[in-house]
Amino acid sequence: MTYTLLHNASTINYALAAVVLPLIASIINLLLLGKSGKISGFISAGAILVSVVLAAMVFAEVWNKSLIHVQQLWFTIGATPVYAGMLLNNLSVFMLLLVTVIALPVHVYSTAYIKTAEQNRYFTYLSFFCFSMLALVVIDSLVLLYAFWELVGFSSYLLIGFWFTKDSAVQANKKAFIMNRIGDIGLLSAIIILFAQFHTFDLVQLFGDNGLVYRSVIQNGVWISPAGQMPEVWQYVAFVGIFLAVAAKSAQFPLHTWLPDAMEGPTSVSALIHAATMVAAGVFLLGRVYPMFNVYELNTLAIIGCFTAFLAATIALTQNDLKRILAYSTISQLGYMIMAMGINAYASSLFHLATHAFFKCLLFLCAGVIIHEMQHIKDEHQLDIDPQNILYMGGLRKKMPLTFIATVIGCLALVGLPLTSGYLSKDSILIQAFEWADGKGAWYKIIPVSILLTSCLTAFYVARLIFKVFFGEFKLKEVLPNIHLHISDGSWAFRIPLIFLSLCCLFPLFSLHPLLYEHAWLHKGFVPTDYLARESIYHTIIPAGINIASVFIVYWAFAVYIQQSKLVFSQTNFLFRLSYHHWYIDTFYRQVIVKAVLLLSNALFWLDRIIVDGFLHLLQLTLILLSGLAAWTDRYIVDGTLLLITQLVKLMGDFFRGFQSGRVQYYLFSMLAIVLAVFIIKLLI
């Protein structure tokens with residue numbers, strides 16, 4: 001027992017150190033503001049490297065073993081104690097390791113990608129971002145979860161608007177911040193409802209095995225738990241709050257529009273945000289609170305996740321901005337994960353979260369190298385071009401062979417072709433989607449069919465990206481035939497992360513069997529041990545069918561964009577314009593929602609200025625007039641009366657003072673005059 005306690009204590013200390021080290025690096029870099037940026041890069045990269053080692057040690061000690069939970073009293077609300085602590089279970093240590101492993105190549109890459117003069121501020125923000133996400137995944141309390149949830153949003157706000165001198169970057173981080181506040185309101189509301197129902201913030205007490213949520217039921221319109229009861233509607237309100245939080249962080253419809261605009265930040269930031277940090281936080285939250293959802297709520301998640309995946313894939317088909325194509329791809333893949341949660345494919349959702357983290361981080365870092373070199377061409381030849389526009393690219397595989405190979409590997413994993421990790425995780429979702437729909441109504445088939453169609457769309461826009469960027473001739477040569485390309489794969493700070501992530505996108509990292517997702521160690525860690533039976537024909541026909549279809553679609557894209565066949569899509573039809581303009585959702589928000597909010601705000605401003613302020617000004621004027629009247633009354637009536645009395649008293653005093661001369665003969669004369677006057681008056685009367 002003593003050994004176990006000491007062993008758990010050391011594991012907790014390792015986990016705490018892995019979380020805190022990026023914070024220490026951020027503080028040190030903050031104190032070094034104005035110093036050499038290279039030092040900041042080494043400090044942050046060194047801190048995250050040690051965090052990777054510690055996270056791996058924690059993972060080895062906790063994975064598929066008993067959870068470790070420690071806490072201590074934080075504060076008390078009335079008679080309710082609130083604890084703060086750490087919860088290490090499979091989900092926690094998986095996310096802890098994933099975030100650090102993804103963050104490490106991003107840090108190394110950033111030392112070459114970010115200008116030296118900007119590195120100090122950049123690594124201060126980046127380390128704080130990593131700390132916020134790492135803390136989010138290991139805490140054991142809803143209160144702390146909300147606190148670090150907010151810190152993740154705040155640090156992403158700083159990074160998205162890193163180049164704050166660009167108006168587009170300022171608008172992008174403001175948009176991301178505002179839309180995520182909508183989700184944060186939902187999460188806070190859900191936390192308040194859960195506390196009111198269960199009287200605790202402890203995640204283990206709430207969602208652990210045989211926890212309070214497991215033992216709660218809805219009967220006769222009442223939500224009953226061992227700790228209390230409330231009307232059934234509050235359970236659904238809590239779900240809506242959780243969903244809003246997930247939709248905002250993980251960019252699901254209708255709160256997805258901030259993510260493509262977030263591309264205004266450095267590409268290395270995009271790699272981290274899109275891979276395993278901010279957007280993954282929504283899926284992680286679903287994993288944390290998963291026991292609270294009933295079948296109707298899970299169906300809602302499945303429908304919205306499926307629709308978001310399809311929506312984003314259709315938009316990616318026509319985009320020309322390299323990073324925006326990848327951004328919409330991220331939204332689509334997150335839709336897969338949310339849908340998987342909704343169809344009870346919990347393990348497959350988290351499995352795809354892990355595989356997606358590697359190949360999406362790889363694709364963004366490859367995009368960063370390409371954009372970096374295109375910017376070099378733009379500056380060298382003083383061209384007025386967008387270095388992110390794929391229409392200016394082409395033939396880059398000859399000049400950038402490593403980046404080309406890495407991009408192809410990442411794209412193959414994104415499409416889900418064999419021998420990649422993406423094949424295992426994506427096919428697991430597709431197969432389970434069809435199995436889930438079996439035995440249900442015919443309408444349920446729409447979800448697996450739609451997600452299958454989305455997978456085909458993914459193959460097309462990925463092939464379009466590769467052919468536009470790496471094949472054919474360099475497009476600028478058509479305008480400037482004498483242009484010379486002095487570009488390459490960049491320094492080793494670029495190349496090493498690409499090589500590392502490319503290897504992680506292949507199947508051996510997750511399974512020794514390249515075709516069976518059930519053999520993946522990560523998948524096994526989140527499902528019961530009796531789950532591994534292959535019970536339906538979908539396990540055979542879905543992988544075979546989707547891969548054959550993907551190959552034909554890639555060839556179709558090759559015919560369209562390389563062979564220049566007549567299969568060119570019209571850019572004037574409605575479907576093209578619908579895709580190119582993002583289904584007009586942003587336009588709707590700007591023209592309807594934003595204008596309505598501004599109109600309401602202006603109306604409230606007018607009401608405040610004219611009615612409220614007018615009433616206050618009238619009241620002010622009335623008080624001023626009353627004060628003036630009171631001052632006049634005081635000055636002329638009260639003070640006048642007192643002055644009159646004073647003058648009368650003075651006159652009387654002056655009059656009677658004349659009688660006091662001090663002469664005896666005058667007094668005798670006066671007495672005689674008075675006696676005579678009295679005598680005469682007496683005679684007259």
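- At distances below 3.5 Å, not a single donor-acceptor pair connects side-chain atoms of N120 with backbone N or O atoms of S40.
- Between E264 and F162, the closest side-chain pair of non-hydrogen atoms is not below 4.5 Å.
- Once rounded to the nearest 0.5 Å, the distance linking CG of L272 with OG1 of T267 reads 13.0 Å.
- Counting only heavy atoms from C-beta outward, the side chains of P81 and F75 never approach each other to under 4.5 Å.
- Expressed to the nearest 0.5 Å, how far CD of Q171 lies from CD1 of I160 amounts to 13.0 Å.
- Judged by distance alone, with hydrogens and angles left aside, the side-chain atoms of S250 form no donor-acceptor pair with the main-chain N or O of A247 at under 3.5 Å.
- By the 4.5 Å heavy-atom criterion applied to side chains, L87 and I139 are not counted as neighbours.
- The two residues D634 and V638 make their nearest non-hydrogen contact at O-CB, 3.5 Å.
- Residues W74 and L144 meet the side-chain proximity criterion, which asks for heavy atoms closer than 4.5 Å.
- Between K378 and D384 no salt bridge is recorded (no basic side-chain N to carboxylate O distance below 4.0 Å).
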Can you list the steps and then say if W606 with I611 is a side chain to side chain contact (heavy atoms under 4.5 Å, CB included)? CA-CA 8 Å; W606 179 88; I611 305 301; 4.0 Å; yes
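- Counting heavy atoms from C-beta outward, L126 and H107 have side chains that approach closer than 4.5 Å.
- Looking only at side-chain heavy atoms (C-beta outward), V289 and L194 stay at 4.5 Å or farther from each other.
- Of the possible polar contacts, none joining the Q119 side chain to the A117 backbone as a donor-acceptor pair under 3.5 Å is found.
- A donor-acceptor pair is defined here as one N or O able to donate and one able to accept, closer than 3.5 Å; such a pair exists between the side chain of N602 and the backbone of L598.
- With hydrogens and angles ignored, the 3.5 Å screen pairs a side-chain donor or acceptor of Q197 with a backbone N or O of W223.
- Using a 30° and 60° split on the angle between ring planes, F195 and F201 fall in the parallel class, below 30°.
- Judged as a side-chain hydrogen bond (donor to acceptor under 3.5 Å, both in side chains), the pairs with a partner in residues 178-192 (not counting sequence neighbours) are, in order, W149-D184, E150-R181, R181-D184.
- Taking OG1 of T308 as the start and CD1 of I331 as the end, the distance is 8.5 Å to the nearest 0.5 Å.
- Between F154 and Y157, the ring planes lie parallel to each other; the angle is under 30°, not in the 30° to 60° tilted range.
- Counted within 6.0 Å of CD on Q72, heavy atoms from surrounding residues, nucleotides or ligands total 12 or fewer; the atom is thus considered open.
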In sequence, state the C-alpha distance, the side-chain angles, and the governing distance for I315 and H581, and then conclude on side chain to side chain contact (heavy atoms under 4.5 Å, CB included). CA-CA 8 Å; I315 295 173; H581 294 288; over 6 Å; no
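- Ring planes of W632 and Y636: tilted class, angle from 30 to 60°.
- Under a 3.5 Å cut-off, the side chain of N220 and the backbone N or O of V222 do not form any donor-acceptor pair.
- Minimum interatomic distance between M86 and A15 (heavy atoms only, all atoms of both residues): CE-CB, 3.6 Å.
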List the steps and the verdict of side chain to side chain contact (heavy atoms under 4.5 Å, CB included) for I273 and V279. CA-CA 6 Å; I273 288 178; V279 297; 4.3 Å; yes
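- Side chain of S332 to backbone of Y328: no donor-acceptor contact under 3.5 angstrom is found.
- When the shell of 6.0 Å around OH of Y290 is examined, it contains more than 12 heavy atoms from other residues, nucleotides or ligands.
- For Q229, the side-chain hydrogen bond (donor to acceptor under 3.5 Å, both in side chains) criterion is met by no residue, not counting sequence neighbours.
- For the pair R288 and F207, the cation-pi test (distance below 6.0 Å, angle within 45°) is failed.
- You'll find the side chain of L259 reaches within 4.5 Å of the side chain of H274, heavy atoms only.
- Nearest approach of M179 to P254, heavy atoms of both residues: CE-O, 4.2 Å.
- Contact detail for V137 and L96: the closest heavy-atom pair is CG2-N, 4.1 Å.
- Residues I48 and A103 share a closest heavy-atom pair of CG1-CB, 3.8 Å.
- Between A248 and G183, the closest heavy-atom pair is CB-CA, 3.8 Å.
- The distance from atom CG of L301 to atom CZ of F243, rounded to the nearest 0.5 Å, is 7.0 Å.
- In this structure, S127 contributes its side chain and A25 its backbone to no donor-acceptor pair below 3.5 Å.
- Note that the NE2 atom of H582 and the NE2 atom of H256 stand 9.0 Å from one another [nearest 0.5 Å].
- With S26 contributing its side chain and L23 its backbone, the two residues share no donor-acceptor pair below 3.5 Å.
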Show your reasoning for whether side chain to side chain donor-acceptor pair (under 3.5 Å) applies to Y122 and S268. CA-CA 11 Å; Y122 172 84; S268 50; 2.7 Å; yes
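- Here CZ of F148 is found 6.5 Å from CG of L151. Values are rounded to the nearest 0.5 Å.
- Contacts of Q591 classified as side-chain hydrogen bond (donor to acceptor under 3.5 Å, both in side chains), with partners at least two apart in sequence or in another chain: K595.
- A donor atom on one side chain and an acceptor atom on the other are found under 3.5 Å apart for N29 and S44.
- When atom types are taken as modelled, the side chain of S225 and the backbone of A227 share a donor-acceptor pair closer than 3.5 angstrom.
- At a threshold of 4.5 Å between non-hydrogen side-chain atoms, the residues I610 and L607 do not count as touching.
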Show your reasoning for whether side chain to side chain contact (heavy atoms under 4.5 Å, CB included) applies to I27 and F128. CA-CA 8 Å; I27 294 172; F128 185 71; over 6 Å; no
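- F307 and W583 have perpendicular rings, their planes meeting at more than 60° on a 0 to 90° scale where under 30° would count as parallel.
- When the shell of 6.0 Å around CH2 of W234 is examined, it contains 12 or fewer heavy atoms from other residues, nucleotides or ligands.
- Around the CZ atom of F679, the shell of radius 6.0 Å holds no more than 12 heavy atoms that belong to other residues, nucleotides or ligands.
- Salt bridge status for K175 with D586: present, with a side-chain N to carboxylate O gap under 4.0 Å.
- The environment of Y236 atom OH is dense: over 12 non-hydrogen atoms of other residues, nucleotides or ligands sit within 6.0 angstrom.
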